[in-house]
Enquirer: 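Structure incoming, see below.
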Protein chains: 2
Amino acid sequence: MAEFESPLVTIDVVILTLREGQLQVLLMRRGAEPFARWWALPGGYIHPEEDADLDAAARRILLAKTGIRTPYMEQLQAFGDGQRDPRGWTATFAYFALIASDALVLKQGANAEEVAWWQIKGKPVELAFDHARIVAAAVSRLRSKVEYTSLPAHLLPPKFTLPDLQKVYEQILGRQLDKSAFRKRMAEAAFLEPVAGEKRPASNRPAQLYRIKRGRGTIFFDRTL
Amino acid sequence: MAEFESPLVTIDVVILTLREGQLQVLLMRRGAEPFARWWALPGGYIHPEEDADLDAAARRILLAKTGIRTPYMEQLQAFGDGQRDPRGWTATFAYFALIASDALVLKQGANAEEVAWWQIKGKPVELAFDHARIVAAAVSRLRSKVEYTSLPAHLLPPKFTLPDLQKVYEQILGRQLDKSAFRKRMAEAAFLEPVAGEKRPASNRPAQLYRIKRGRGTIFFDRTL
DNA sequence: GTAATAGTGTCTGTCAGACAGTATGTG
DNA sequence: CACATACTGTCTGACAGACACTATTAC
């Protein structure tokens, strides 16, 4: 078997959140060439000595660049070709993370590099490399999974109410859902547990708080929403 | 940004088919170290000069090793860590292909290397690297997609009958399906077209032949089977 | 009491699965 | 004709969505 030169490989992470009712991505401004000063996905190289595997490398990069330990991360897709990077044939392992909108607010200032949330909807910012395509793939993955999984629950803080959760689904799907049917689905899926005794106070009937049950991965509903 | 040594990357292809009512994988016996003489997935290196992108590289490798142009191939998942290859930290872009059981029979003898179909069920052969895990991931992907996609149609030759297709679904799902309901689903999904005039002859009522409509990708049913 | 939102009960049209019945070929 | 398998029609129970009703808090 002949030895071919291995292409340069990187890891990039698409971090999505829901802010002000809109889906947003976390972007960083690049310092170095190529694409210096362009906005790009947080990413980096694999460190063979430190990283046990690809997932660990993705988690390390995310933590180093943003200070976030995300509650949900999955491998999105690999992208590789001769055009995406002017330095030659490269490939990237793209990851896909969801976080609660308020999880990053405090940490953001701590990092020296320029970091910002960008709206998915509307005028697309021009991104470095093929990152626009990677973001599009992540959004499309999220949108398709919303219909039949519990994934959007990771866009909320650890404790939340059922009306909160329903709003998240509605914002991503872009349509209203029936309250009764929605609650039936969530109850059947059995991935939530009430936080005993706790209620969210309000000047009306307060809502029960829930959290995702321990050890529950993403739940696939047997019917679509 | 410091330059880290890029890990060695490869591409491996899990080719699945249905033979004798069983799901089977295509394996090849390795010639070179590491894992010389072990059974492994067909795979190879990226050739930056030849391969436009990852998908093209996977197609080239598949064609070179087996003579197959598969009708269906998708990226499965990337696997990378420090243990899977004794040479050090490596990663592989795993692909997932489905072919009709009779598509390879003739070509197989043409290739000098030892190639064979192995049953998924029963005693698992010990595979080189982490290929057992990759095969398991591919099978699990197929099984989960069978429930709500038209994917299994690619396990059949270009022309087939609805009873053929139903048998494929039943074999993978491991349970009987209602004929009437099954045909309703396929009709709704509208990804098949009758081959005009052609019927499969038999000593009973012959079945209508169908083929997958041009330009139809994998169809997601709106309900589970 | 009113206002506001949380949470539940009920009713109805639709539809999936079960199954029986019809169609079309061979010999 | 019998037989085998392809294909279709019908009936029924279950259930999703619509929507109305009740519950619980603050003021």
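A quick note: this is a predicted structure, and the numbers were derived from the prediction, not measured. Chain letters run A, B, ... following the sequence lines, proteins first and then strands; every chain starts at 1.
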Enquirer: Using a 4.0 Å heavy-atom cut-off to protein, can you give one letter per nucleotide of nucleotides 9-23 of chain D, 5' to 3': B if the base is in contact, S if only the sugar-phosphate is, - if neither?
Expert: B------SBBB---B
Enquirer: Only pairs under 3.5 Å count here: list side-chain donor-acceptor contacts from residues 150-158 of chain A, not counting sequence neighbours, and write none if there are none.
Expert:
from	atom 1	to	atom 2	distance (Å)
Ser150(A)	OG	Ile219(A)	N	2.9

Enquirer: Taking only residues two or more places apart in sequence, or in another chain, which ones meet Glu193(B) in a salt bridge (Lys or Arg N to Asp or Glu O under 4.0 Å)?
Expert: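 Once residues adjacent in sequence are excluded, the partners of Glu193(B) under the salt bridge (Lys or Arg N to Asp or Glu O under 4.0 Å) criterion are Arg211(B).
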Enquirer: Flag the pair Asp130(A) and Arg133(A) as a salt bridge only when some basic side-chain nitrogen lies within less than 4.0 angstrom of an acidic carboxylate oxygen.
Expert: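 A salt bridge links Asp130(A) with Arg133(A).
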Enquirer: Got a donor-acceptor contact below 3.5 angstrom from the Arg29(A) side chain to the Arg37(A) backbone?
Expert: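 Yes.
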Enquirer: With a 4.5 Å limit on heavy-atom distance, are the side chains of Leu54(A) and Gln75(A) in contact?
Expert: yes
Enquirer: Measure the angle between the two terminal helix axes of the helix from dG1(C)-dC27(D) to dG27(C)-dC1(D), five base pairs each, and quote it to 10°.
Expert: 0°
Enquirer: Sequence neighbours excluded, which residues qualify as salt bridge (Lys or Arg N to Asp or Glu O under 4.0 Å) partners of Arg175(B)?
Expert: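 So Arg175(B) forms a salt bridge (Lys or Arg N to Asp or Glu O under 4.0 Å) with Glu147(B).
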Enquirer: Per the side-chain contact (heavy atoms from CB on, under 4.5 Å) rule, which among Ile46(B), Val13(B), Leu76(B) passes with Phe93(B)?
Expert: Ile46(B)
Enquirer: Between Gln208(B) (CD) and dT8(D) (C1'), how many Å, whole number?
Expert: 15 Å
Enquirer: First and last nucleotide of DNA chain C in contact with chain B, 5' to 3', at under 4.0 Å to a heavy atom: what are they?
Expert: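 Result: dA16(C) to dT26(C).
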Enquirer: Mark yes or no for whether Thr161(A), through its side chain, and Gln208(A), through its backbone, hold a donor-acceptor pair below 3.5 Å.
Expert: no
Enquirer: Which residues in residues 146-162 of chain A have a heavy atom closer than 4.0 Å to any atom of DNA chain D?
Expert: none
Enquirer: Over how many whole Å does the gap from Asp164(B) atom CG to dT5(D) atom P extend?
Expert: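 That distance rounds to 13 Å.
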Enquirer: Please enumerate all residues that pass salt bridge (Lys or Arg N to Asp or Glu O under 4.0 Å) together with Asp55(B), with sequence neighbours excluded.
Expert: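 Expected list: none.
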Enquirer: Ignoring hydrogens and angles, tell me if any N or O in the side chain of Thr70(A) forms a donor-acceptor pair with the backbone of Ile99(A) under 3.5 Å.
Expert: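 Not a single qualifying donor-acceptor pair exists.
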Enquirer: Does Thr92(B) use its side chain to pair, donor to acceptor, with the backbone of Ala94(B) at less than 3.5 Å?
Expert: no
Enquirer: So which of residues 190-203 of chain B are in contact with DNA chain C, with a heavy-atom cut-off of under 4.0 Å?
Expert: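 Contacts with DNA chain C under 4.0 Å: Ala202(B), Ser203(B).
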Enquirer: Which residues satisfy the salt bridge (Lys or Arg N to Asp or Glu O under 4.0 Å) test with Arg141(B), sequence neighbours excluded?
Expert: Glu74(B)
Enquirer: Could you work out, with side-chain contact (heavy atoms from CB on, under 4.5 Å) as the rule, every residue matching Ala40(B), not counting sequence neighbours?
Expert: Arg30(B), Ala128(B), His131(B)
Enquirer: Mind checking what makes side-chain contact (heavy atoms from CB on, under 4.5 Å) contact with Ile61(A), not counting sequence neighbours?
Expert: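 Only Ile11(A), Lys65(A) meet the side-chain contact (heavy atoms from CB on, under 4.5 Å) criterion with Ile61(A).
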Enquirer: Side-chain contact, heavy-atom cut-off 4.5 Å: Leu127(A) with Val135(A)?
Expert: yes
